[in-house]
Amino acid sequence: MAVLYHSTRGGGQPVSASEAILKGLSEDGGLFIPDSIPALDKSIKELSEMTYQEVAYEVMKLYLSDFTEDELKDCIRKAYDEKFDTEVIAPLAEAEGAYYLELFHGATIAFKDMALSILPHLMLTAAGKNKITNEIVILTATSGDTGKAALAGFAGVKGTKIIVFYPKNGVSPIQEKQMVTQKGDNTLVVGIHGNFDDAQTGVKKIFSDQELTDRMGKKGYQFSSANSINIGRLVPQIVYYVYAYARLFREGRIAQGEEINVVVPTGNFGNILAAFYAKNMGLPIARLICASNDNKVLYDFLSTGIYDRNRPFVLTTSPSMDILISSNLERLIYWIAGGDADKCKALMAQLAKEGRYQVTEDMKEKLTDFYGNFASQEETADTIRRLYEDCGYVIDTHTAVASAVYRKYVQETGDRRKTVIASTASPFKFTRSVMEALDGTKTSLGDLELADELSKLANVPVPRAIEEIRDAEIIHDHECEADRMKRVVEMFLGI
Ligand SMILES: *Cc1c(COP(=O)(O)O)cnc(C)c1O
């Protein structure tokens with residue numbers, strides 16, 4: 001059965017999966033969602049005997065129904081290869097009785113690689129299927145990790161250009177160095193004077209600029225998005241939840257049909273939404289535990305039903321979650337509105353205008369699958385230290401937010417179900433904050449020396465992604481004001 005995608009705001013025509021991937025965002029500013037969430041058509045036992053790539057096919061085929069089997073398998077093979085430093089792609093590590101699902105074994109050592117290593121292939125295949133001859137221009141706002149992962153995915157890919165905007169003072173030194181050393185004639189990296197929300201808002205504005213779109217079309221360009229609102233990112237993220245469950249089953253850690261909890265350190269709400277989709281496909285997940293840092297807009301929303309971004313933006317030690325506008329939440333709002341696009345549209349209009357909205361009691365009641373809490377920076381650092389002292393396992397700051405929130409959840413509820421914690425970055429990506437938590441005496445060292453110290457402490461080799469930037473030349477040194485982003489795009493494209 002063909003799955004079609006329509007907008008959460010009700011505008012535009014339904015489109016195929018490949019069209020939705022190419023467009024990124026619907027014309028009315030809404031997000032694409034499938035008409036219904038498909039059910040898994042393989043048993044957990046069958047899935048447990050499969051490789052990551054095979055599970056990826058079984059999950060993704062249900063959503064990307066206009067891709068042929070060969071096309072999809074080809075994309076999967078090209079994505080999940082030696083770029084990952086482990087054959088299982090997403091290993092599980094047990095610590096303090098929870099299972100850390102390590103999503104950071106790809107090229108840029110953050111979980112964004114899980115989807116962004118396949119997105120370029122999905123997009124090029126989609127372009128071919130839709131007879132697109134324009135060059136595709138990927139425009140991306142990043143809180144640090146998407147940027148590098150998208151650059152790594154698209155650099156040197158014929159028929160594409162990629163432009164990345166990041167908050168100049170809102171990413172870790174290693175994140176910044178990873179981006180500004182990116183090679184490839186088709187890449188541009190720009191630091192903006194503003195925060196992530198400014199970058200994201202700027203990108204959305206450029207996307208909806210019809211005059212610019214027309215001018216680009218005449219020059220043979222069209223925009224697409226590598227941001228987490230693209231269903232080409234959401235769908236590959238569902239895979240690892242299914243895979244993790246199947247592995248736990250295979251290893252005899254859970255029984256047939258046993259429900260587990262999932263904890264996700266959350267920013268733009270993409271990763272946890274993928275877990276929600278997995279649950280609605282039939283995967284036995286009980287609670288979805290949404291972990292925030294000091295930018296706890298989602299915690300407040302889940303506890304009060306009021307979403308309010310009118311608050312100070314806090315720069316924390318988990319910068320990839322420093323977000324006040326969680327774009328993917330719109331898909332959940334649509335869901336709890338019972339598929340009422342007008343209701344969703346009205347709330348999003350209110351968010352754009354007043355920075356705030358409140359859902360109805362009815363809608364709030366449908367959020368019971370979710371539990372939200374947050375961890376302060378101090379709690380985050382304490383968690384890194386405690387886990388290391390307890391079992392020698394070192395986690396990054398984002399994962400530590402999740403781990404700290406999980407502890408609060410267990411204390412509050414006594415729920416002892418087996419739990420998977422999404423481990424979204426390697427500790428080497430946030431070395432300084434991790435080392436400050438572990439050993440305050442070394443912090444006068446540079447970031448790369450700190451990585452060597454961390455390697456000794458954690459007894460883990462320094463990842464290739466860090467070795468690569470040690471002596472890498474800085475290629476991109478552009479900066480701009482947030483209101484000049486459009487001009488930067490025009491100059492890069494020569495239009
Ligand atoms: C992007 C990111 C997150 C947040 O994921 P969302 O899908 O935006 O909620 C968490 N941790 C790390 C390390 C990330 O890069």
Side-chain angles (χ1 to χ4, degrees), residues 18 21 47-61 63-64 67-93 101-129 136 138 145-160 162 178 181-184 186-187 226 228 230 232-244 246-247 250 271 274 422-426 428-429 460-469 472:
S18 65
I21 289 172
L47 292 163
S48 73
E49 286 152 9
M50 294 182 191
T51 62
Y52 189 89
Q53 293 80 352
E54 288 164 344
V55 173
Y57 175 71
E58 293 303 329
V59 172
M60 293 177 66
K61 72 170 192 200
Y63 288 91
L64 310 184
F67 284 64
T68 66
E69 178 170 348
D70 281 350
E71 285 169 343
L72 190 52
K73 286 190 169 165
D74 190 46
C75 291
I76 291 169
R77 196 181 55 247
K78 287 175 177 156
Y80 304 110
D81 60 7
E82 310 75 58
K83 290 191 286 300
F84 286 78
D85 66 8
T86 161
E87 248 174 55
V88 296
I89 307 295
L92 284 158
L101 176 60
E102 296 185 352
L103 303 173
F104 55 76
H105 288 272
T108 75
I109 57 176
F111 100 95
K112 304 295 195 292
D113 289 325
M114 301 304 295
L116 280 163
S117 50
I118 194 165
L119 185 69
H121 304 294
L122 295 176
M123 217 172 245
L124 285 181
T125 307
K129 297 175 81 64
I136 294 173
I138 304 294
D145 290 331
T146 288
K148 180 61 187 184
L151 287 162
F154 283 95
V157 174
K158 266 210 183 79
T160 70
I162 171 161
Q178 279 188 308
T181 55
Q182 178 65 49
K183 295 193 183 109
N186 65 334
T187 66
S228 66
N230 194 312
R233 274 188 65 182
L234 184 62
V235 171
Q237 290 177 181
I238 302 169
V239 173
Y240 45 75
Y241 291 108
V242 176
Y243 181 67
R247 291 223 20 141
R250 179 164 86 189
N271 200 3
S423 181
T424 50
S426 156
F428 287 92
K429 195 151 191 176
V460 176
V462 175
R464 196 168 52 197
I466 299 295
E467 291 299 351
E468 272 170 16
I469 58 169

Listed partners of Ala150 passing side chain to side chain contact (heavy atoms under 4.5 Å, CB included), at least two apart:
Leu116, Ile162, Ala226
Distance (rounded to the nearest 0.5 Å) between [X] [atom1] and [Y] [atom2]:
| X | Y | atom1 | atom2 | value |
| --- | --- | --- | --- | --- |
| Ile466 | Gln178 | CD1 | CD | 5.5 Å |
| Ile109 | Phe428 | CD1 | CZ | 8.0 Å |
| Ile238 | Met60 | CD1 | CE | 9.0 Å |
| Leu72 | Thr125 | CG | OG1 | 8.5 Å |
| Ile138 | Thr187 | CD1 | OG1 | 13.0 Å |
| Asp70 | Cys75 | CG | SG | 11.0 Å |

Side-chain ([X]) to main-chain ([Y]) donor-acceptor, under 3.5 angstrom:
| X | Y | answer |
| --- | --- | --- |
| Arg250 | Ser48 | yes |
| Tyr240 | Ala422 | no |
| Tyr80 | Met114 | yes |

Pairwise side-chain contact, Glu71 with Leu64, heavy-atom cut-off 4.5 Å (strictly under):
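Of all side-chain heavy-atom pairs linking Leu64 with Glu71, none is under 4.5 Å.
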Quick check: do Tyr243 and Met50 have side-chain heavy atoms less than 4.5 Å from each other?
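Of all side-chain heavy-atom pairs linking Met50 with Tyr243, none is under 4.5 Å.
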Could you walk me through whether Asp81 and Arg77 pass the salt bridge (Lys or Arg N to Asp or Glu O under 4.0 Å) check?
CA-CA 6 Å; Asp81 60 7; Arg77 196 181 55 247; over 6 Å; no
Within residues 102-112 or reaching into it, pairs that qualify as side-chain hydrogen bond (donor to acceptor under 3.5 Å, both in side chains) - sequence neighbours excluded:
Asp85-His105, Glu102-His105, Glu102-Tyr393, Thr108-Asp113
Quick one, Met123 with Thr160, criterion side chain to side chain contact (heavy atoms under 4.5 Å, CB included). Give me CA distance, side-chain angles, the key distance, then yes/no.
CA-CA 10 Å; Met123 217 172 245; Thr160 70; over 6 Å; no
What are the two closest heavy atoms between [X] and [Y], and how far apart are they?
| X | Y | result |
| --- | --- | --- |
| Ala110 | Lys429 | CB-NZ, 3.9 Å |
| Arg233 | Gln237 | O-CG, 3.2 Å |
| Ala90 | Tyr52 | CB-CE1, 4.2 Å |
| Ser426 | Pro463 | OG-CG, 4.1 Å |
| Ser18 | Phe67 | CB-CE1, 3.8 Å |
| Pro120 | Gly153 | CG-O, 3.4 Å |

Given side chain to side chain contact (heavy atoms under 4.5 Å, CB included), test Tyr241 with Asn271 step by step and report yes or no.
CA-CA 10 Å; Tyr241 291 108; Asn271 200 3; 2.9 Å; yes
Salt bridge (Lys or Arg N to Asp or Glu O under 4.0 Å) with [X]: which residues, sequence neighbours excluded?
| X | result |
| --- | --- |
| Glu82 | none |
| Glu49 | Lys45 |
| Glu467 | Arg470 |
| Lys61 | Asp41, Glu58 |

Apply side chain to side chain contact (heavy atoms under 4.5 Å, CB included) to Ile89 and Gln53, showing your working.
CA-CA 9 Å; Ile89 307 295; Gln53 293 80 352; 4.1 Å; yes
Where do Ile136 and Phe154 land on the side chain to side chain contact (heavy atoms under 4.5 Å, CB included) test, with the steps shown first?
CA-CA 10 Å; Ile136 294 173; Phe154 283 95; 5.9 Å; no
